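The structure under discussion appears below in the form of C-alpha cells.
Residue numbers count from 1 along this sequence. The analysis underlying the following values was restricted to heavy atoms, covering all of them including side chains, and did not include hydrogens, waters or symmetry mates. Nothing here was measured: the structure is a model prediction, and the numbers come from that model. Indexing begins at 1, ligand by ligand and atom by atom, following the structure's order.
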Amino acid sequence: MKMSSMMPDVKEVLISSGEIQDRVREIGTQITEEYSGERLLLIGVLRGAVVVMGDLMRHIDLPCEIDFMDISSYGSGTSSSGVVRILKDLEEDITDRHVLIVEDIVDTGLTLSYLRRSLLARRPASLEICALLTKPSRRRVELDVKYLGFEVPDEFVVGYGLDYDGAYRNLPDICVLKPEIFSSAPNM
Ligand code: 5GP
C-alpha cells in the first residue's frame with residue numbers, strides 16, 4: 001500500500017494495519033462463536049469506533065444490526081475532562097436485545113462505565129463491551145471489557161478511527177504523533 005501523506009507527522013507506528021486486521025478478524029470469529037444462534041446489535045460510539053465497527057461487523061457471521069451513539073467526554077485536547085454527555089442517542093430500542101458496545105479505546109474508563117450503566121437501565125437481554133485498545137495504566141473505574149484488541153502504553157494515539165483535533169482518523173495504523181504536532185496546535 002502507498003505510504004500515507006500524514007506519515008511525516010508520525011513519531012512511531014505502535015500497531016500496524018496488518019496486525020489490527022488480524023486481531024479484528026479473531027475477535028469477529030470469537031463473537032460469532034459466542035453469540036451463535038442469536039441476533040446481535042452492535043452499538044458504535046461515535047466517532048472513533050466507526051472504522052473498527054466497519055471492519056469488525058464483516059467478520060461477524062450472524063444476523064447483526066448496528067446503531068450509533070455520540071458521547072462526549074473529551075474536548076479537542078488530549079486529557080479527560082471526566083464530563084460525559086449524550087450528544088446523540090440510539091435509534092433502536094434495546095430492550096431484550098443482545099447488545100455489544102464497540103469502542104475505539106478505553107482510557108480512564110469513565111465514558112464506557114457511564115454508557116454501560118445508562119444502557120443497562122434499558123433492560124437489554126445482554127450487554128458486553130468490545131474495545132480495540134485499552135490503556136490499563138490510566139484506568140480510574142473498573143470495567144469489564146469482554147473483547148479486547150490491544151493494550152497500549154500511556155501515550156496519545158491516533159489512526160484507525162482515532163483523531164487528534166479531528167484529523168488522522170483515516171491513518172490505517174495506530175500511531176503516536178511527533179510532539180511538535182501538539183505544540184503547534186492553535187487551540188492547545
Ligand atoms: P475514557 O472515558 O475511557 O477516559 O475515554 C475514552 C475516550 O477518550 C475514547 O473513546 C477516545 O475518544 C478518547 N481517548 C482516550 N485516549 C485517547 C487516545 O490516546 N487517543 C485518542 N485519539 N483519543 C483518546
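Exactly one of Val157, Val10, Asp9 qualifies for a side chain to side chain contact (heavy atoms under 4.5 Å, CB included) with Cys175. That residue is Val10.
Asp22 CG: more than 12 foreign heavy atoms inside a 6.0 Å radius. Under a cut-off of 6.0 angstrom, the local environment of CZ in Arg47 is sparse, with at most 12 non-hydrogen atoms contributed by other residues, nucleotides or ligands. For Arg169, the CZ atom is densely surrounded, since the number of other residues' heavy atoms within 6.0 Å is greater than 12.
Comparing heavy-atom distances from atom 2 (O) of ligand 1 across Asp107, Val141, Asp163, Thr111 singles out Thr111 as nearest.
Checked by atom type, the side-chain pair Gln30/Glu34 shows a donor-acceptor distance below 3.5 Å.
For Gly109, the closest heavy-atom approach to ligand 1 falls below 4.0 Å. Residue contacts with ligand 1: Arg139 is excluded, as none of its non-hydrogen atoms falls under 4.0 Å. The closest approach between any non-hydrogen atom of Tyr164 and ligand 1 is not below 4.0 Å. The shortest heavy-atom distance from Val158 to ligand 1 is not under 4.0 Å.
Every atom of ligand 1 is numbered from 1 in the order shown, and the set under 4.0 Å from a heavy atom of Leu110 is 2 (O), 3 (O).
Neither the backbone nor the side chain of Arg138 has a heavy atom within less than 4.0 Å of ligand 1. Of all the heavy atoms of Lys135, the ones lying under 4.0 Å from any atom of ligand 1 belong exclusively to the side chain.
Using a 4.0 Å cut-off between charged nitrogen and carboxylate oxygen, Asp70 and Arg85 do not count as a salt-bridge pair.
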